[in-house]
There are 2 protein chains.
Amino acid sequence: MDTEAIKQSLDGSGLRCTPQRFAVMAFLMEHNQHPTAAEIFEGVNRLDPRSSRATTYNNLRDLVQAGLVREVAVEGRAARFDAKGMPHHHFICDRCGNVEDIAWYDVPKPSVSALGPRKLRECEIILRGLCRQCASKKVS
Amino acid sequence: MDTEAIKQSLDGSGLRCTPQRFAVMAFLMEHNQHPTAAEIFEGVNRLDPRSSRATTYNNLRDLVQAGLVREVAVEGRAARFDAKGMPHHHFICDRCGNVEDIAWYDVPKPSVSALGPRKLRECEIILRGLCRQCASKKVS
DNA sequence: TACTAGCTTAGATATAGTCTAATTTATTCA
DNA sequence: TGAATAAATTAGACTATATCTAAGCTAGTA
Ligand SMILES: [Mn+2]
Ligand SMILES: [Mn+2]
Ligand SMILES: [Zn+2]
Ligand SMILES: [Zn+2]
C-alpha cells in the first residue's frame, strides 16, 4: 500500500496530509468495495489514528472535491465512495444497493447541440439490475 | 394532460387509480423539472385532493417500482423524480444539483464477460458539470 | 349487506449528513 | 526561536430526508 503516493496526491491537490485524511485515503485504497461514510468512519477508527465523524465527512467532501475520490449516490441509501484509480463503470444492484465495478469501456458524449451552453465535466455509465448474489437468489 | 392515459398506465401496472396516486402522476407529467418528493407533496396539496406525506412517498415508491416513474439520486441532496416518457439522459449540475434532460442517444452495453452473472435491467448515461445558469455565473 | 385487500393518515421514528464553537495542530515569519 | 496565524479536528447538537406504525378509510366482491 503506497504511503508515498497518497502523500503525493494529497499534496498535489493542496490538501494537507493529516493522519485522519491519510487514513481515509488508505482505507479506500485497501477496500474497493465502495464503503459508506459510516463504514469508513468505523474502519478508520478500528486502528489509529482516531477520527471523528465530522472529520470523516469533512475529509470525504474534500477528497471528492479534489477529484481523488468518487462519490456514488444510490437511491434510498447512503452514498458510497471509492478512490479514483483505473477508470471504470458502476453496476448498482436494484435489490441490495451494492455497487460493483465494471471494466471500463468508452462512453459516447452528447452532441454539442444537445449539451447547449452547459460545461461538461464527466460522462459516466451506470448499469442497473441484479448483482451476482441477488441474481442467484430465488423469488421476490 | 391525458387523464385517461394515466388511468390506463396505473391500471396496467396493477395499481389502483386513487385520487392521491393520480395526482402524483399528473403533477409529474405537468412538471418535467425533476421535482423532489417534498416539492411533489407541496404541489399536490396546493389543489385537491389532499395527500399526506407518507402517501406521497408511498405512491412515489410504487410508481418507481411499476416503472412509470424514474428516481434520480443526487449526491448530498434529495432524490428527484420524473415521469418516464420519451427516453432521455440526465445532466446533473455539480453546483446546484439541478437535473436536466438531455436528448436520448444510444448507450453501449458492457460485454457479457464484463457483466458476468449479473442481470442487466438498464444502462444509463449521467452527464455532470455546470448547468446553463451555473456555467454563466462568475467565480466560486 | 358483510368481507377483504388495498390505500391513506398523523405522527413517531430512523438514517444520513451538516453545523457550531471550542480546541488542537501545523505553518509562517519576525 | 516564539508569537501570530491558518488549517484541521472534535463532540455533540441539529437538520433534512425518508420510513414505519397502527388505526381508520375506501373500493371491489360476494
Ligand atoms: Mn468503483
Ligand atoms: Mn428527466
Ligand atoms: Zn444485490
Ligand atoms: Zn447549476
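The model shown is predicted, which means the values in this text are computed figures rather than measured ones.
- Nearest to the side-chain atoms of A:Thr18 among the listed nucleotides D:dA8, C:dG17, D:dT26 stands D:dA8.
- For B:Tyr57, the side-chain atoms get nearest to D:dA18 when compared with the rest of D:dA18, C:dG6, C:dT8.
- Defined by atom type and a distance below 3.5 Å, a donor-acceptor pair is missing between the side-chain atoms of B:Asn98 and B:His34.
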Before giving the answer on side-chain hydrogen bond (donor to acceptor under 3.5 Å, both in side chains), spell out for A:Asp101 and A:His90 the whole-Å C-alpha distance, their side-chain angles and the decisive distance to 0.1 Å.
-> CA-CA 5 Å; A:Asp101 289 346; A:His90 282 138; 3.2 Å; yes
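- Checked by atom type and distance alone, the side chain of B:Arg77 pairs as donor or acceptor with a backbone atom of B:Cys96 at under 3.5 Å.
- The interatomic distance linking A:Arg21 (CZ) with C:dA26 (P) rounds to 12 Å, in whole Å.
- Between the CG atom of A:Leu15 and the P atom of D:dT9 there is a distance of 10 Å, rounded to whole Å.
- A side-chain contact (heavy atoms from CB on, under 4.5 Å) with A:Phe81 is found for one member of A:Thr36, A:Leu63, A:Val64 and no other, namely A:Val64.
- Separating the CG atom of B:Leu63 from the P atom of C:dT8 is a distance of 10 Å, rounded to the nearest angstrom.
- Mapped onto DNA chain D by nearest heavy atom, B:Arg16 and B:Ala38 fall at different nucleotides, with B:Ala38 at the one closer to the 5' end.
- A salt bridge links B:Arg118 to A:Glu100: one of the charged nitrogens lies within less than 4.0 Å of a carboxylate oxygen.
- Residue contacts for B:Ser51: at a heavy-atom cut-off of 4.0 Å it reaches the sugar-phosphate backbone alone, with no base atom in range.
- Between B:Asn59 and the phosphate of C:dT8, there is a side-chain N or O to OP1/OP2 separation shorter than 4.0 Å.
- Between A:Glu75 and B:Arg80, none of the side-chain N atoms (NZ, or NE/NH1/NH2) sits under 4.0 Å from a carboxylate O, so this pair counts as no salt bridge.
- Straight-line distance from the CG atom of B:Asp11 to the C1' atom of D:dG28: 13 Å, rounded to whole Å.
- Taking atom CG of B:Asn58 as the reference point, atom P of D:dG24 lies 19 Å away to the nearest angstrom.
- Remark: P of C:dA26 and CD of A:Gln20 are 9 Å apart, rounded to the nearest angstrom.
- A straight line from CD of A:Gln65 to P of C:dT18 spans 11 Å, rounded to a whole angstrom.
- Within the cation-pi definition used here (under 6.0 Å to the ring centroid, within 45° of the axis), A:Arg128 does not qualify as a partner of A:Phe91.
- Between the CZ atom of A:Arg61 and the C1' atom of C:dA16 there is a distance of 15 Å, rounded to whole Å.
- Map B:Pro19 and A:Arg50 each onto its nearest nucleotide of DNA chain D; the residue landing nearer the 5' end is A:Arg50.
- Contacts between residues 68-81 of chain B and DNA chain D, defined by a heavy-atom separation under 4.0 Å, are made by B:Ala78, B:Ala79.
- Judged by atom type and distance alone, A:Arg53 does not reach the base of D:dG12 through any side-chain donor-acceptor pair under 3.5 Å.
- Heavy atoms of A:Thr55 sit under 4.0 angstrom from at least one base atom.
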